[in-house]
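Take a look at the structure set out below.
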Number of protein chains: 2
Amino acid sequence: MKIIVDNIERETTCGEELRAMRDCLEILGGKWKLMILRYLNNRQHQDIHFKKLEREIDGMSAKMLSKQLKELETNLLITRTVTDDNQLMVFYAITEYGKSVTPLTENLVEWGIKHRKKIIEG
Amino acid sequence: MKIIVDNIERETTCGEELRAMRDCLEILGGKWKLMILRYLNNRQHQDIHFKKLEREIDGMSAKMLSKQLKELETNLLITRTVTDDNQLMVFYAITEYGKSVTPLTENLVEWGIKHRKKIIEG
DNA sequence: CGGAATCCGGCCCGATACTG
DNA sequence: CAGTATCGGGCCGGATTCCG
């Protein structure tokens, strides 16, 4: 929700294309979103709950995890499912729409790898 | 330079693909880089100096402009040319390599536009 | 003109403690 | 277990000032 508001405020100062790019960068950017998305994408058949994510994604605090998950859910990239038989559990999973983001990043990955070589080798 | 060091430090915690994506996000991300790149890309035949950029890109301070330009130059996306006949002037221009970034972003623009519609319309 | 230096508010984000 | 509340350090980034 916040993301959308932020970007609508920007509409006066930049064109549609630039705004769209910034939407993408906000959704993919940040410290953890890509890592979470990759983690969930590689474990579609497993039940992943909050604590499991917190434990297995190196160095991320519960606070940040919660925040990132909320933003990913707002953008329809993951689902949040609460169960409470005996013990409260909340499961997260990547959506079909979320999976559609992955191929989008392949060009970027390719460019990023070449770029690193270019910069390092001069 | 800073960017490269930052990313090399990350190598232990993430794979090559994730690192490449983060390289991209750092290079394209931030508040102003895309706008500067677009501005220079659309004015390849003109002489663009520092003050002109500061004046014409809405709301950006000299400090940020300087910082962004330095990072773009480090990444070989723009050139910096100093002249001093009578009055000091520094001209900036997009490189061929810099131009190669533009098509890279087209998928993102397309996705960003569709995504905005999807989120707003539900 | 093209910056660098300084000051400073704000938010990002980690650590810790607490709630349901 | 799944978060939220609070505190606090650090860095991002704006405003202003100064220098060559």
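Throughout, a chain's letter reflects where its sequence line sits, starting with A, and its residues are numbered from 1.
Closest to the side chain of B:Lys70, out of D:dC1, C:dA4, C:dG2, is C:dA4. Here the side chain of B:Lys63 is nearest to one of D:dA15, C:dG2, D:dT6, namely D:dA15. Counting only heavy atoms from C-beta on, B:Arg55 has its side chain closest to C:dC1 among C:dC1, C:dC13, D:dG3. The side chain of A:Met89 approaches D:dC1 more closely than any other nucleotide in the set D:dC1, C:dC12, D:dG3.
Contact annotation for B:Phe91: no contact, since no heavy-atom pair falls under 4.0 Å across all strands.
For B:Glu96 and B:Lys99, the salt-bridge test passes: some basic side-chain N is under 4.0 Å from an acidic carboxylate O.
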Check nucleotides 18-20 of chain D against the protein and report each pair of N or O atoms closer than 3.5 Å, with its distance, or say if there are none.
none

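Side-chain contact check for B:Lys31 and B:Gln68: no donor-acceptor pair (N or O, by modelled atom type) lies under 3.5 Å.
The bend of the helix from C:dC1-D:dG20 to C:dG20-D:dC1, defined by the angle between the axes of its first five and last five pairs, stands at 30° to the nearest 10°.
Checked against side-chain contact (heavy atoms from CB on, under 4.5 Å), A:Glu17 has the following partners two or more places apart in sequence or in another chain: B:Arg38, B:Val109. Applying the salt bridge (Lys or Arg N to Asp or Glu O under 4.0 Å) test to B:Lys118 and every residue at least two apart in sequence or in another chain returns nothing. Considering only residues two or more places apart in sequence or on other chains, A:His115 meets the ring-ring contact (aromatic ring centres under 6.0 Å, His included) condition with A:Trp111, B:Tyr97. In this structure B:Thr102 satisfies the side-chain contact (heavy atoms from CB on, under 4.5 Å) test together with B:Asn41, sequence neighbours excluded.
Taking the side chain as every heavy atom from C-beta outward, A:Trp32 and A:Met64 approach each other to under 4.5 Å.
To the nearest angstrom, P of D:dG14 lies 11 Å from CG of B:Leu65. One interatomic measurement links the two molecules: CG of A:Asp47 to C1' of D:dC1, which rounds to 15 Å at whole-angstrom precision.
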